[in-house]
> 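Below is a structure I'd like to ask you about.
Order of the sequence lines sets the chain letters (A, B, ...), proteins ahead of strands, with each chain counted from 1.
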Number of protein chains: 2
Amino acid sequence: MQWSMHNNFSTPPPSLTSIRPARGRPREFDRQAALAAATRLFWIKGYEATSIADLTETMGIGTKSLYAAFGSKDELYAEALKYYYTTYEGLVWTRFRKAATAREAALAFLQDSAIAMTGGDCDLPHGCMATLATVGSEGHSELSELMRATRAGGFDILKARFDRAKSDGDLEATADTTKLARFVQTVQSGMAIRARDGADRDELHAVAEIALSGWDHITGNIDHRMQGKA
Amino acid sequence: MQWSMHNNFSTPPPSLTSIRPARGRPREFDRQAALAAATRLFWIKGYEATSIADLTETMGIGTKSLYAAFGSKDELYAEALKYYYTTYEGLVWTRFRKAATAREAALAFLQDSAIAMTGGDCDLPHGCMATLATVGSEGHSELSELMRATRAGGFDILKARFDRAKSDGDLEATADTTKLARFVQTVQSGMAIRARDGADRDELHAVAEIALSGWDHITGNIDHRMQGKA
DNA sequence: CTATTTATGCATCGATCACTGCATAAAGGA
DNA sequence: TCCTTTATGCAGTGATCGATGCATAAATAG
């Protein structure tokens, strides 16, 4: 697939220090590979549970080099999140963009999310880094806002696509695109939690399928139904 | 409402130490009130981000009393999660149990979850403690498993209700109750993330409405549809 | 070869973590 | 009243956190 070439989460650097444990200057380390390794670790363990010691070990570089190259743990995480999103973005939005109708786009988004959240075509960590990083970021208001903005981006893309579908006549003029986009976004967020809890790809695909199986019903007369309370 | 009387998350103890800062034995503290306060703090901040110092301050008791009464941070969290669930359980499952049909039950579950996740009828913390506590629990395998089990309980209840609906003739015999329960559980999990991100009650209610608006479609012929790929 | 640059391992910093020992003093039984 | 019980505030435990200073030695330029 197209995005595989940009993806090197699954190839952690071969720990350059393992061969030559002496001091002094070894080879210049691969910044991109180190960032990919850090991203993978943050993705799996989360921000707070990942220590600098964990990072240096996984990245295969020394503490000083880490700070020289990335500034601080916060800045490294921010860069990792950006790097993650650059890769992840292609996984879940490529088929979405090429879809002819709003419904096909939403289905592609959820289906490809199901694939990405269960390892993609290689051994990606399960779940969504941006979605699941919610908790445990107390005090780090800057990072917290960055993650929130990352998540909010998904909603904007969905809503824009649904709005366009209205112009195309693909969606009825009465459809509430905001609610539709929120719904799809919510389902994807729930899929991230399920993936983290061990859900396999089939389960998530089934969820995506069910979520949109009532599409014609949803996009048509939402307001006139569902008033029956128990 | 029925569950309000069991709920005292919103009444943190009035810091008994504020009046008498001297040493020595003050009044015996209210264990239940202290647990409620701890639960609320864990709920808001998560396990790792909540320190013992945070807890003693919020609970209004000393460090020694905390360990004497609850054992350790892990045990306190486990007890808090149990206390949380005891209260939360009534919020989201009461109308569910009384519902006449599977669809009404699922709708009640999602609607009441929407209410509970946005503060209930008092100022409960937003989101679901059990759902959102996923990340940041690396290494604490015991707590991790406890939280997973708590989340899994919701699925079991949903599936059992849907299975019963099959016997009642309420659901068609071809309906896949496992997939249905997974779907509803996934939507609720997604709502928890949205609530934590600031979603208001109306938004979550809309999500619940949309999620089940295609119910007849979903429960009927899932297998024969949704094969259109982009 | 020599001098400069640069990334390293290692030791260490102050802060904070979960947790505990100790002297103190209020509550409860005699 | 006296004595035991008990919960406390406070100091301090070792461990680990993110982050830094330093001497070292490989790479590079002249």
> Using a strict threshold of under 4.0 Å (side-chain N to carboxylate O), is an ion pair present between B:Arg40 and B:Asp123?
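Yes, charged N to carboxylate O under 4.0 Å.
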> In whole angstrom, give the distance that lies between atom OH of B:Tyr67 and atom C1' of D:dA11.
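After rounding, the gap between these two atoms is 15 Å.
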> Using heavy-atom distances to pick each residue's nearest nucleotide on DNA chain D, tell me which of B:Lys64 and A:Asp54 is more 5'.
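The residue closer to the strand's 5' end, by nearest nucleotide, is B:Lys64.
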> Taking atom P of D:dA7 as reference, at what distance in whole Å does atom CG of B:Asp30 sit?
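It works out to 14 Å between those atoms.
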> Please report, rounded to the nearest Å, how far the P atom of C:dC19 is from the OH atom of B:Tyr77.
15 Å
> Between B:Ala68 and A:Gly71, which residue's closest nucleotide on DNA chain D lies nearer the 5′ terminus?
B:Ala68
> For A:Gln111, which of A:His205, A:Arg95, A:Arg201 qualifies under side-chain hydrogen bond (donor to acceptor under 3.5 Å, both in side chains)?
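Filter result, single survivor: A:Arg95.
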> For A:Thr63 and for B:Ile52, find the nucleotide of DNA chain C with the closest heavy atom, then tell me which residue's nucleotide is more 5'.
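It is A:Thr63, whose closest nucleotide lies nearer the 5' terminus.
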> How many Å lie between NZ on B:Lys45 and P on C:dC17, as a whole number?
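So the two atoms are 9 Å apart, to the nearest Å.
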> Are the side chain of A:Thr131 and the backbone N or O of A:Cys128 linked by a donor-acceptor pair below 3.5 Å?
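No, A:Thr131 side chain to A:Cys128 backbone: no donor-acceptor pair under 3.5 Å.
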> Rounding to a whole Å, what distance do you find between B:Arg31:CZ and D:dT6:C1'?
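Atom CZ in B:Arg31 sits about 16 Å away from atom C1' in D:dT6.
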> Separation of B:Leu55 atom CG from C:dC17 atom P, in whole Å?
11 Å
> Taking atom P of D:dA7 as reference, at what distance in whole Å does atom CZ of B:Phe70 sit?
12 Å
> Looking across every strand, which nucleic acid part, if any, lies under 4.0 Å from B:Thr50 by heavy atom: base, sugar-phosphate, or nothing?
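Sugar-phosphate contact only.
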> Where the side chain of A:Asp54 meets the backbone of A:Ser51, is there a donor-acceptor pair that is under 3.5 Å apart?
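Yes; judged by distance alone, with no hydrogens or angles, the pair exists.
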> Quick one: A:Leu66 CG to D:dT20 P, roughly how many Å, whole number?
11 Å
